[in-house]
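Here is the structure we will look at, set down as structure tokens.
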Amino acid sequence: MPVAGSGTMSTPTTRSPYERATATRTSTRAGLAVLTAVLFCAAVHFAEIEFITAALLTGVAGIAVDLRQTEKLARARATP
């Protein structure tokens with residue numbers, strides 16, 4: 001068993017393109033969902049229509065990004 005500082009390097013874990021695409025898609029979805037929620041909360045708190053507009057645009061952009069990532073995920077799954 002390697003001891004810390006013994007000079008032995010651990011092997012980095014390698015993920016398949018499918019796993020990387022899935023992880024990227026999940027983190028992007030979560031980030032955009034949080035951003036949209038924060039913008040809607042700001043709209044309610046500050047009573048400004050600009051925040052609602054920004055939240056809606058973020059939601060639409062999130063759907064577009066998700067569709068592109070879903071396509072990438074399908075390609076990664078199809079590649080042996």
Side-chain angles (χ1 to χ4, degrees):
M1 212 162 157
V3 178
S6 65
T8 318
M9 296 179 69
S10 63
T11 307
T13 57
T14 57
R15 296 194 296 179
S16 71
Y18 176 74
E19 291 171 328
R20 281 193 306 258
T22 302
T24 301
R25 182 177 172 207
T26 302
S27 63
T28 303
R29 276 182 172 180
L32 288 170
V34 167
L35 178 59
T36 302
V38 167
L39 288 169
F40 271 122
C41 289
V44 170
H45 179 72
F46 295 115
E48 292 288 334
I49 191 111
E50 289 86 3
F51 288 113
I52 293 174
T53 304
L56 291 172
L57 289 173
T58 302
V60 170
I63 292 169
V65 168
D66 187 52
L67 289 174
R68 280 189 229 121
Q69 288 178 342
T70 301
E71 183 182 342
K72 181 179 178 182
L73 188 61
R75 271 191 254 121
R77 184 181 289 169
T79 306

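The structure places OG1 of Thr58 at 7.0 Å from CG of Leu32, a figure rounded to the nearest 0.5 Å. Atom CG in Leu67 sits 9.0 Å away from atom CZ in Arg25 (nearest 0.5 Å). Between the OG1 atom of Thr70 and the CD1 atom of Ile63 there is a distance of 11.0 Å, given to the nearest 0.5 Å. Note: Thr22 OG1 to Lys72 NZ = 10.5 Å, rounded to the nearest 0.5 Å.
Residue Leu57 is found outside any hydrophobic cluster, as its side-chain heavy atoms come under 4.5 Å of no other Ile, Leu, Val, Met, Phe, Trp or Tyr. Other members of a hydrophobic cluster containing Val44 are absent, since no ILVMFWY side chain comes under 4.5 Å of it, directly or through relayed contacts.
When all heavy atoms of Thr36 and Gly59 are compared, the closest pair comes out as OG1-N, 3.9 Å.
Shown here are the ring pair (Phe, Tyr, Trp, His ring centres under 6.0 Å) partners of Phe40, two or more places apart in sequence or in another chain: there are none. Evaluation of the salt bridge (charged side-chain N to carboxylate O under 4.0 Å, His left out) rule for Glu50 yields no partner, not counting sequence neighbours. Applying the salt bridge (charged side-chain N to carboxylate O under 4.0 Å, His left out) criterion to Arg68, with sequence neighbours excluded, gives no partner residue. Under the side-chain contact (heavy atoms from CB on, under 4.5 Å) criterion, Ala33 pairs with no residue at all, not counting sequence neighbours.
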